[in-house]
Amino acid sequence: PEDNETDEWYDIEDEDGTFYQSAAFNPADNSSLPPEQQTIPLPSSYGREACHGPLKTLAEIELDLRIGHANDTLRFLRIAIGQKCFLYRSKIRNASSSSNHLRSTGHIDTLQMSIDQAAKVYTSTRAAIDALGAPPEILERYKVLTKADIVGSTAVADPNAPGERNKAMSWIWKMRDNNTADPTWLDER
């Protein structure tokens with residue numbers, strides 16, 4: 001990307017911190033773009049109402065794939081946010097020199113770019129799930145992502161600090177993976 005290009009992540013944020021999918025797919029707009037920037041005409045590009053016959057089956061298949069993609073992206077976000085918090089706590093706070101501090105800051109900046117990119121991917125995947133006419137329980141499970149949902153806290157190191165018990169975790173941390181059989185997987189032990 002060129003330096004003068006704007007970052008779409010910040011262009012798709014509402015005043016309340018909610019992210020949304022920009023313009024709907026329009027095949028006519030696609031023809032003037034180079035191939036690497038064209039939107040692939042999947043059923044989600046047209047919406048559930050436009051999918052009849054064989055396209056309806058394809059829409060159901062795409063919905064399953066998008067749900068899997070959302071799960072993978074949320075898992076990546078949880079891991080990356082955890083890594084960022086760990087790096088901040090272990091490297092930035094304990095940096096003995098300014099060069100170590102700057103090097104660690106570079107690692108955190110790189111991780112933040114990965115988090116921002118994954119948030120963009122999740123936002124577009126969530127919009128596709130919605131466009132495919134997913135049932136309400138699916139839409140409730142895969143909520144709209146906000147900036148507040150992807151902020152990590154290094155205060156977890158002291159869970160007994162004043163005010164910590166009143167802080168609520170983001171929904172991305174409470175979401176249970178399909179392959180987790182234990183219902184108490186997030187309970188403290």
Side-chain angles (χ1 to χ4, degrees), residues 1-3 5-14 16-22 36 64-130 138-189:
E2 294 181 18
D3 291 337
E5 290 183 18
T6 59
D7 189 356
E8 293 174 21
W9 171 258
Y10 301 104
D11 291 343
I12 59 173
E13 184 178 358
D14 256 348
D16 64 353
T18 304
F19 299 98
Y20 60 91
Q21 177 87 5
S22 52
E36 62 273 4
D64 288 341
L65 290 172
R66 294 287 186 163
I67 288 172
H69 193 219
N71 286 330
D72 292 344
T73 306
L74 288 171
R75 183 174 187 275
F76 174 81
L77 277 170
R78 289 189 294 263
I79 291 170
I81 292 168
Q83 284 178 332
K84 181 182 168 191
C85 291
F86 173 77
L87 281 175
Y88 187 84
R89 179 152 176 78
S90 64
K91 303 289 184 185
I92 298 291
R93 289 188 182 170
N94 299 330
S96 58
S97 68
S98 62
S99 63
N100 286 343
H101 186 299
L102 289 173
R103 191 174 312 124
S104 298
T105 304
H107 293 298
I108 289 175
D109 290 343
T110 302
L111 231 119
Q112 185 61 48
M113 288 190 309
S114 296
I115 290 169
D116 289 346
Q117 181 63 33
K120 284 183 199 178
V121 169
Y122 176 81
T123 300
S124 65
T125 301
R126 171 46 167 86
I129 289 171
D130 191 20
I138 297 290
L139 294 176
E140 178 60 29
R141 179 176 167 90
Y142 299 97
K143 296 176 175 35
V144 175
L145 192 66
T146 63
K147 279 273 194 196
D149 293 326
I150 58 170
V151 173
S153 173
T154 58
V156 175
D158 186 12
N160 296 325
E164 284 302 308
R165 73 180 180 112
N166 297 329
K167 289 186 180 177
M169 292 189 317
S170 167
W171 64 270
I172 67 170
W173 298 101
K174 297 175 188 175
M175 190 173 168
R176 192 170 148 210
D177 290 337
N178 290 338
N179 57 359
T180 306
D182 182 15
T184 61
W185 72 281
L186 197 56
D187 292 348
E188 290 187 27
R189 298 190 203 279

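Taking CG from Leu65 and CD1 from Ile129, the interatomic distance works out to 10.5 Å, rounded to the nearest 0.5 Å. Rounded to the nearest 0.5 angstrom, Ile81 CD1 and Ser170 OG are separated by 7.5 Å. Summarising the geometry, atom OG1 belonging to Thr123 is positioned 10.0 Å from atom NZ belonging to Lys120; distances are rounded to the nearest 0.5 Å. Annotation: the span from Phe86 atom CZ to Ile79 atom CD1 amounts to 14.5 Å, rounded to 0.5 Å. Rounded to the nearest 0.5 Å, atoms CG (Leu111) and CD (Gln83) are 5.5 Å apart. The line from CZ of Arg78 to OG1 of Thr73 is 10.5 Å long, rounded to the nearest 0.5 Å.
Side-chain contact check for Val121 versus His69: some heavy-atom pair is nearer than 4.5 Å. Side-chain contact between Met175 and Asn71 is present, with at least one heavy-atom pair separated by less than 4.5 Å. With a 4.5 Å cut-off on side-chain heavy atoms, Asp72 and Tyr122 do not count as touching.
Proximity of a side-chain donor or acceptor of Arg126 to a complementary backbone N or O of Ala70 within less than 3.5 Å is not detected.
Asp130 and Tyr142 are not linked by any side-chain donor-acceptor pair at a separation below 3.5 angstrom, with hydrogens and angles left out of the test.
What you find for Leu77 and Ala118 is that their closest heavy atoms are CD2-CB, 3.7 Å. Contact between Ser124 and Arg66 at its shortest, heavy atoms only, is O-NH1, 4.4 Å. Across all their heavy atoms, Ile150 and Ala119 have their closest contact at CD1-CB, 4.2 Å.
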